[in-house]
Amino acid sequence: MNVAVIQFPGSNCDWDAYHAFSSKPGLAVKMVWHKAEVLDDPDLLVIPGGFSFGDYLRCGAIARFSPVMSAVREFADGGGLVLGICNGFQILCEAGLLPGALIRNSCLEFRCVTTVLDVENSTDSFNQRTLAKQIRLPVAHGEGNYQIDDGGYSRLVHGEQILFRYGKPGSERYDSKNPNGSAYDIAGIRNREGNVFGMMPHPERAVESFHPSQDGILVLRSLLNTELQSMF
């Protein structure tokens with residue numbers, strides 16, 4: 001299985017993503033610079049976190065115009081798997097590949113904490129049975145406040161497009177420890193077709209024994225084919 005990690009000027013979680021996937025057998029991982037116009041047939045495309053182009057204008061607002069984004073859109077439109085993490089989520093929203101927008105944290109502070117996430121039942125791989133009802137992943141962002149209008153939120157719910165919500169141990173939905181003010185505590189979503197995923201928490205920073213948790217393995221494994229899942 002081939003994994004491609006997109007690099008923009010200012011990406012700083014690209015090597016974390018590379019490490020998280022390349023340390024497992026059966027996966028070939030390569031970096032793709034943002035000026036590339038072709039992707040060379042990946043099975044999974046990862047847009048990592050960081051501060052693409054310094055987050056000038058808005059997070060992801062400049063990166064969406066990089067040459068590689070035409071190939072990303074073509075790949076996604078063809079059913080290819082795309083995962084956007086943190087800044088990658090912001091880029092996917094700016095590019096219109098995911099609905100909604102990510103704005104300044106409601107606290108007006110950069111938040112770097114480990115969050116509890118309530119897992120929604122969304123797809124065959126993203127659900128409470130395969131991931132667990134709650135997982136713990138770190139966040140590190142200043143603009144992770146996900147916003148969407150009422151109609152857009154209704155479509156997310158109806159299409160089972162919500163992946164995670166911020167929560168706290170034993171919490172009921174909407175009674176959460178939300179680090180950024182996101183509407184309805186949303187921490188991650190997917191597109192209607194189920195092949196483009198975006199999330200603010202960092203699964204690639206929760207894969208080693210010295211990390212806050214190893215729950216990121218569950219998330220990343222869910223994107224692999226059945227044959228490789230048992231090896232991740």
Side-chain angles (χ1 to χ4, degrees), residues 5 11-21 44 46-52 55 59-60 81-93 98 100-107 109-123 125-128 130-148 156 161-169 171 173-174 176-191 196-208 210-223 232:
V5 179
S11 295
N12 68 2
C13 302
D14 41 0
W15 287 106
D16 298 79
Y18 182 94
H19 168 77
F21 283 105
L44 169 64
V46 180
I47 306 180
F51 305 92
S52 58
D55 279 350
C59 297
L81 278 175
V82 180
L83 172 64
I85 304 169
C86 196
N87 190 225
F89 185 14
Q90 296 161 344
I91 293 169
L92 290 174
C93 288
L98 287 174
L102 290 140
I103 64 174
R104 183 76 169 161
N105 292 349
S106 58
C107 62
E109 297 175 341
F110 187 92
R111 302 305 304 275
C112 184
V113 296
T114 298
T115 59
V116 174
L117 301 173
D118 294 331
V119 178
E120 300 277 298
N121 290 318
S122 183
T123 70
S125 56
F126 273 87
N127 58 60
Q128 295 177 359
T130 59
L131 274 73
K133 290 185 177 181
Q134 287 190 327
I135 60 175
R136 295 173 64 248
L137 296 178
V139 297
H141 56 249
E143 284 102 350
N145 183 353
Y146 180 78
Q147 295 296 313
I148 193 166
L156 288 180
Q161 293 173 241
I162 299 172
L163 305 177
F164 310 110
R165 299 182 197 254
Y166 298 108
K168 60 184 180 182
S171 72
R173 188 177 294 173
Y174 312 136
S176 71
K177 191 174 181 181
N178 186 326
N180 50 42
S182 288
Y184 307 101
D185 301 325
I186 292 174
I189 63 170
R190 65 170 175 85
N191 66 346
V196 178
F197 301 82
M199 55 189 297
M200 287 310 295
H202 288 268
E204 81 285 10
R205 293 181 176 177
V207 298
E208 300 288 356
F210 52 82
H211 285 157
S213 82
Q214 292 181 287
D215 289 344
I217 294 174
L218 301 174
V219 177
L220 300 179
R221 185 170 61 194
S222 69
L223 297 167
F232 199 96

For [X], enumerate each residue passing the side-chain hydrogen bond (donor to acceptor under 3.5 Å, both in side chains) test, keeping only those at least two apart in sequence or located in another chain.
X	result
Glu204	His202
Thr130	Asn127
Ser11	none
Ser122	Arg190

At their closest point, which heavy atom of [X] faces which heavy atom of [Y], and how far apart are they?
X	Y	answer
Tyr166	Met200	OH-CB, 3.6 Å
Val219	Leu131	CG2-CD2, 4.0 Å
Phe89	Ala187	CE2-O, 4.3 Å
Gly50	Cys13	N-SG, 4.2 Å
Ala206	Leu137	CB-CD2, 3.6 Å
His141	Asn105	O-ND2, 3.0 Å

Value rounded to 0.5 Å, distance of [atom1] in [X] from [atom2] in [Y]:
X	Y	atom1	atom2	result
Ile135	Ile217	CD1	CD1	11.5 Å
Cys86	Ile47	SG	CD1	12.5 Å
Asp118	Lys133	CG	NZ	10.5 Å
Ile148	Leu98	CD1	CG	9.5 Å

Taking [Y]'s backbone N and O only, do any of them form a donor-acceptor pair with [X]'s side chain (distance below 3.5 Å, no angle check)?
X	Y	answer
Ser182	Gly144	yes
Arg111	Ala140	no
Arg136	Pro212	yes
His211	Val207	yes
Gln128	Val119	yes
Asp185	Asn178	no
Asn87	Ser52	yes

| task | Could you please spell out the steps behind the side-chain contact (heavy atoms from CB on, under 4.5 Å) verdict for Glu120 and Ile162? | result | CA-CA 6 Å; Glu120 300 277 298; Ile162 299 172; 3.7 Å; yes
| request: Verify side-chain contact (heavy atoms from CB on, under 4.5 Å) between Asn180 and Leu102, making sure each step is shown before the conclusion. | output: CA-CA 10 Å; Asn180 50 42; Leu102 290 140; over 6 Å; no
| message | Applying side chain to side chain contact (heavy atoms under 4.5 Å, CB included), can you list everything that pairs with Ile103, at least two apart in sequence or on another chain? | response |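 Ile103: side chain to side chain contact (heavy atoms under 4.5 Å, CB included) contacts with Asn145, Gln147.
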| said: Applying side chain to side chain contact (heavy atoms under 4.5 Å, CB included), can you list everything that pairs with Phe51, at least two apart in sequence or on another chain? | reply: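 Per chain and number, Phe51 pairs via side chain to side chain contact (heavy atoms under 4.5 Å, CB included) with Asn12, Asp55, Phe110.
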| query | Do Pro201 and Leu117 come close enough that some side-chain heavy atom pair is under 4.5 Å? | reply |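 With C-beta onward as the side chain, the pair touches.
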| task | Take Ile189 and Leu156, measure what side-chain contact (heavy atoms from CB on, under 4.5 Å) needs, and give me the verdict at the end. | result | CA-CA 8 Å; Ile189 63 170; Leu156 288 180; 4.2 Å; yes
| said: My understanding is that only residues two or more places apart in sequence, or in another chain, count here; which of them pass ring pair (Phe, Tyr, Trp, His ring centres under 6.0 Å) with Phe126? | reply: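 Residues passing ring pair (Phe, Tyr, Trp, His ring centres under 6.0 Å) with Phe126: Phe164, Phe197.
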| request: Indicate whether the side chain of Glu208 and that of His19 have a donor and an acceptor atom separated by less than 3.5 Å. | output: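 Short answer, yes.
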| message | Determine whether Leu83 and Met199 satisfy the following criterion, side-chain contact (heavy atoms from CB on, under 4.5 Å), listing intermediate values before the conclusion. | response | CA-CA 8 Å; Leu83 172 64; Met199 55 189 297; 4.3 Å; yes
